[in-house]
Amino acid sequence: MKANTLLKENVSILSLNDSVKQKLQENNINKIGDLCSMTKADLRNINFEQTDINAIEIKLQLNGLDIKKKRY
């Protein structure tokens, strides 16, 4: 799937663990594009642990994306 198309998809397709998905949903981060616009500091500010942030980054990178809107 192309990166631009992915940005419009729900974060649930990233296969993140349930607690991460729930925390994203509670903070109205529903689309991959919303997640990609965040920084590590933003994620820490909503109480994500570093291990969760790393998992999010890896799932995004596997799809050619990253936080802070980087593309690979």
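Checking E26 against Q22 by side-chain atom types alone, a donor-acceptor pair falls below 3.5 Å. Side-chain contact annotation: Q50 with N54, donor-acceptor N/O pair under 3.5 Å present. Side-chain contact check for T39 and D42: at least one donor-acceptor pair (N or O, by modelled atom type) lies under 3.5 Å.
The CD1 atom of I56 lies 9.0 Å from the CG atom of L14; values are rounded to the nearest 0.5 Å. Here Q25 contributes atom CD and S12 contributes atom OG; the two are 9.5 Å apart, rounded to the nearest 0.5 Å.
With hydrogens and angles disregarded, no donor-acceptor distance shorter than 3.5 Å links the side chain of N63 to the backbone of L65. For the pair N27 (side chain) and K23 (backbone), a donor-acceptor distance under 3.5 Å is present.
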*Run the numbers on K40 and E57 for salt bridge (Lys or Arg N to Asp or Glu O under 4.0 Å), then give the verdict.*
CA-CA 9 Å; K40 289 181 185 181; E57 283 187 301; 3.7 Å; yes

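Scanning all heavy atoms of the two residues, the minimum distance from M38 to L43 falls at SD-CD2, 3.8 Å. Of all the heavy atoms in L7 and K31, the pair that sits closest is O-CB, 3.8 Å. Across every non-hydrogen atom of L35 and I67, the tightest pair is O-CG2, 3.9 Å.
Within the 4.5 Å cutoff, the side chain of K59 has heavy atoms near those of the S15 side chain.
Tracing side-chain contacts under 4.5 Å through hydrophobic residues (I, L, V, M, F, W, Y), one reaches I13 starting from L60; they form part of the same cluster.
For the side-chain contact (heavy atoms from CB on, under 4.5 Å) with D52, the lone residue among N17, N47, L24 that qualifies is N17.
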